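Both counts, for ligands and for their atoms, begin at 1 and track the order of listing. None of the values given here were measured: they were computed from a predicted structure.
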Amino acid sequence: MGEQVTANIKKLNKKLEKAFGGKVRAELKGKCLYLTGELQEWDDVVHAGFMSVNKKKYTVVNDIVFAKQQSTKKPFITSAKLQDEQPDVLVIGGGIVGCSIARELTRYKLDVMLVEKEHDVALHASGRNDGMIHPGADLRRGQLKKKYNDAGNRMYSQVCKELDVPFRYTGQYLCFKDGWMKPVMFASLLYWKFNGIPAKFINRKELFKNEPHLNQKVKFALFFPATGVVCPYGLTIAYAENAADNGVKICLDTSVVDIEVWSGKIKSVLTNHGRIYPKLVINAAGVFAEEISRFANDRFFSIHPRRGTNIIFDKKAAAFVNTVVSSFGVIEASSIKEAHSKGGGTIRTIDGNLLVGPNAVETFEKEDFSTYKENIKAVLSKQQKTVPALSEKDIITYFTGVRAATYEEDFIVSFGKNIENIIHAAGIQSPGLTAAPAIAVDVSKMAAGFLDAKQNERFNPNRKAIIRAAVLPDDERETLIKNDSQYGIIICRCEEISRGEVLSALRRSLPCDTIDGVKRRVRPGMGRCQGSFCSPQIAQIIAEEKKIPLTEVKKMSYDSAILVGSNKDNI
Ligand SMILES: Cc1cc2nc3c(=O)[nH]c(=O)nc-3n(C[C@H](O)[C@H](O)[C@H](O)COP(=O)(O)OP(=O)(O)OC[C@H]3O[C@@H](n4cnc5c(N)ncnc54)[C@H](O)[C@@H]3O)c2cc1C
């Protein structure tokens, strides 16, 4: 260890002692800085992590004990159905990162398996985000985030065309209320131009012509045409289906619970469905990527989860914003909770709703997706400063997602540091949705190189989406119904979804047998009534199609029963 580094660690320990009264210690081992001790407040644990970052010298592993630390929720079903399987590649995690990697791996002659602990893909961050394809304006050169965001953004049109997923570059307005900021922003335009980010100045008149419902105090805006919108779970499902169509074995309700390591190599991976013997493991486990690296004796980063809450508005409020709008200076970075937030915005989603948010709150709870009243109020009032017409009465639902941030606030896309046959795609917080297509290409190339795999000439990049009867021209819709009368029976009145679409959702290459699974594939229950009318019918269709009793139909996972039995005799 160099003298300078030793001096730096000494200095850091003094700072930590002052801040936490001697309860936290830092020790450098190789290229990792380990924090140990015990603290009562989670914010302090996170603060100690941030205080210790030195990106050039080491990465931070935060081992400070916090009383309320949680363990991973696992599926309760166990079996031996995967015992002794020997895939070339085992991908852990069915989010956008894992599913896109699995699909890209099928470009090579490889036997690929993906395990996901939940009952469906995209149930964590990949199904709980803004669906915004970022232009990368706030990212710095040298960050992996920047590299993959920019490359991913450019791939979106092609990927969404291949996977038949609706996508649009809507553009984004960053609004300013202070006229004196103009000269500063003109200088910034040069910076973005130099960094290859298209951006232009928009005067007040032009801005209000395009976005008439903005706060009258807005003086000008910057426009980023490379901002896009996509349905994040729709894209994850599409990637997974195309992966399955190309031969990937997707195992849902399958959790990795341990990893056996031998002489610097992963020998086997233990799941609730048996022990698997892969040649290469890809860690795409989101907020649990650190646990996977711990199982594999390859821990060199820590994840500190960061919650974000979003609000969805009824389609009738959609006219308030046509693109994506946000305001400069809405982030009050007074605490570590908000300091790493992009500040959120108001987004016209690809499905025609308005989505408002998110905020950013540090949390120790990796999979608590509860939404709190105070978060909704805070998110709404923040975005009302840009779009005053946003009103509580138009809210139809809200949700919370958890980002998988490292203390370095950057992605990790690399082979293991101590283990040769693992690739980590970890710390993929925002803009991970934007970056995923590019991460997937790189990771699959790394894997193919490691395994010396040849190109797969039979790879089919194309997938066909489920027909959306409501958006077809009248004559095509009529023909569709003539050919299959199920498309003429409307199940969801809010979103105009037919029985034919629901049945299609239940018959795809990626299994689907829950009410939320159908909702995320063809949208019944996404409208104003939030499923009050259609859910019972969807449950009935699932029961009939899957030949299971109605009481076996679940909302989202094995532990989300809806009906428990009959309340009358002889029914
Ligand atoms: C509120 C919010 C807003 C965001 N907005 C945007 C945005 O607008 N644009 C953008 O580009 N990005 C955005 N992001 C970031 C983006 O959502 C994430 O970067 C991306 O979804 C990460 O994908 P992932 O596959 O790495 O993680 P995840 O989607 O979390 O997937 C990881 C999967 O691994 C599974 N898993 C974990 N442990 C195990 C195990 N032991 N065994 C088996 N499976 C396991 C989990 O169940 C999970 O499904 C946002 C994130 C949040 C939370």
Open item on the list: Taking a cutoff of less than 4.0 Å between a non-hydrogen atom of the residue and any ligand atom, is V257 in contact with ligand 1?
Closed with: no
TODO: State yes or no: are the ring centers of F300 and H424 separated by less than 6.0 Å?
DONE: yes
- [ ] Run the contact test for I347 against ligand 1 with a 4.0 Å cut-off on heavy atoms, strictly below, and give the result.
- [x] no
TODO: Among all protein heavy atoms, pick out the one at the shortest distance from atom 27 (O) of ligand 1; state its residue, atom name and that distance to 0.1 Å.
DONE: G286 CA, 3.7 Å
Task: Close N or O approach (E116, ligand 1; < 3.5 Å) - done: yes
- [ ] Check whether any heavy atom of L123 sits under 4.0 Å from an atom of ligand 1.
- [x] no
Task: Worked verdict on R307 versus E362 for salt bridge (Lys or Arg N to Asp or Glu O under 4.0 Å) - done: CA-CA 6 Å; R307 297 162 61 89; E362 296 291 342; over 6 Å; no
Open item on the list: Regarding atom 23 (O) of ligand 1: of the candidates S126, C251, G401, G152, which has the closest heavy atom?
Closed with: S126
Open item on the list: Could you check, using the six-membered ring where one of them is a Trp, whether H304 and Y407 have ring centers closer than 6.0 angstrom?
Closed with: yes
Donor-acceptor contacts, no H, no angles, side chain residues 437-449, under 3.5 Å, sequence neighbours left out:
{"residue": "D442", "atom": "OD2", "partner": "Y148", "partner atom": "OH", "Å": "2.7"}
{"residue": "S444", "atom": "OG", "partner": "A440", "partner atom": "O", "Å": "3.0"}
{"residue": "S444", "atom": "OG", "partner": "V441", "partner atom": "O", "Å": "2.9"}

- [ ] Kindly say whether R403 contributes a backbone atom to a donor-acceptor pair with the side chain of R128 at under 3.5 angstrom?
- [x] no
Open item on the list: Please confirm whether the ring centroid of H134 lies under 6.0 Å from the ring centroid of F224.
Closed with: no
Task: Top protein contact for atom 25 (O) of ligand 1, by heavy-atom distance - done: V97 N, 3.0 Å
Task: Sidechain N-carboxylate O distance under 4.0 Å for R299, E291 - done: no
Open item on the list: Do the side chains of D120 and R521 get close enough for a salt bridge, i.e. N-O under 4.0 angstrom?
Closed with: yes
Open item on the list: Starting from atom 39 (C) of ligand 1, what is the nearest protein heavy atom, named by residue and atom, and what distance separates them?
Closed with: K117 CD, 3.8 Å
TODO: Measure the distance from atom 18 (C) of ligand 1 to every protein heavy atom, then report the residue, atom name and distance (to 0.1 Å) of the closest one.
DONE: I428 O, 3.5 Å
Task: Minimum non-hydrogen distance to atom 50 (C) of ligand 1, winning option of L252, N129, I259 - done: N129
TODO: List the closest protein heavy-atom neighbour of atom 42 (N) of ligand 1: residue, atom name, distance to the nearest 0.1 Å.
DONE: V256 N, 2.9 Å
